[in-house]
Amino acid sequence: MAPPVRPPPGVAECLRLLRSGNVHGTRLELVCQALTEDAAACANELIAAYREEAYEPVRHLILMAVADARHPAFRDLLVEALSSGDERLVDCAKNGLRELNTKEARAALYRLQGS
């Protein structure tokens, strides 16, 4: 008999796990995958979490999940991250905007090239 399928952890639980420092390897991948898969349904919560997060590694993982989600609700956050001054966040935001591939996302990338 197969074990019961557990629902994925919510955003708060994923962030708690990431902040704990005890999540590595496959477990880290699973937590990030859960954030990405739930991103569209939890857009406002993820955006707020990114903006409020003080721990840069977790902030980066949130932005990676948002970028991988390829959802238009995150366009403004990705554009905001372009001016973060953190090269890892900027690169992640650029990749997310390229993958989003909307007119607005392309315009943001074009403006970035011009500056």
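The basis for the numbers below is simple: all heavy atoms, side chains too, and nothing from hydrogens, waters or symmetry mates.
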Under 3.5 Å, which donor-acceptor pairs do the side chains of residues 54-62 form with other protein atoms, sequence neighbours left out?
unit_1 : atom_1 : unit_2 : atom_2 : d
R59    : NE     : Y50    : O      : 3.0

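- For the pair A65 and C32, the tightest heavy-atom approach, listed with the atom from each and the gap, is CB-O, 4.2 Å.
- Among all heavy-atom pairs drawn from L63 and A93, the shortest one is CD2-N, 4.2 Å.
- Crowding of N44 atom CG: a count of heavy atoms from other residues, nucleotides or ligands under 6.0 Å not exceeding 12.
- Counting all heavy atoms, side chain and backbone alike, A69 lies closest to F74 at CB-CE1, 4.2 Å.
- Counting only heavy atoms from C-beta outward, the side chains of N95 and R98 approach each other to under 4.5 Å.
- No continuous path of hydrophobic side-chain contacts links L100 to M64 [ILVMFWY only; heavy atoms under 4.5 Å].
- Side-chain atoms of Q33 and E29 form no donor-acceptor pair, as typed in the model, at a separation below 3.5 Å.
- Contact detail for I47 and A73: the closest heavy-atom pair is CD1-O, 3.8 Å.
- Looking at heavy atoms from C-beta onward, L77 lies in side-chain contact with R51 at the 4.5 angstrom threshold.
- For R70, the side-chain hydrogen bond (donor to acceptor under 3.5 Å, both in side chains) partners are E99, not counting sequence neighbours.
- Of the possible polar contacts, none joining the H71 side chain to the D68 backbone as a donor-acceptor pair under 3.5 Å is found.
- Here the side chains of V66 and L35 are not in contact, with every heavy-atom distance at 4.5 Å or above.
- Between the CZ atom in R16 and the CD atom in E13 there is a gap of 4.0 Å [rounded to 0.5 Å].
- Between C14 atom SG and E45 atom CD the span is 9.5 Å, to the nearest 0.5 Å.
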Check the pair L28, L18 against side chain to side chain contact (heavy atoms under 4.5 Å, CB included), reporting the backbone distance first and the verdict last.
-> CA-CA 8 Å; L28 176 61; L18 293 174; 3.4 Å; yes
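- Residues L46 and L30 do not share a hydrophobic cluster, defined by chaining ILVMFWY side chains whose heavy atoms lie under 4.5 Å apart.
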Counting only pairs under 3.5 Å, give me each side-chain donor-acceptor contact of residues 81-90, with atom names and distances, residues two or more places apart or in other chains.
unit_1 : atom_1 : unit_2 : atom_2 : d
S83    : OG     : E80    : O      : 3.0
S84    : OG     : A81    : O      : 3.0
S84    : OG     : D86    : N      : 3.2
D86    : OD1    : R88    : N      : 2.9
D86    : OD1    : L89    : N      : 3.4

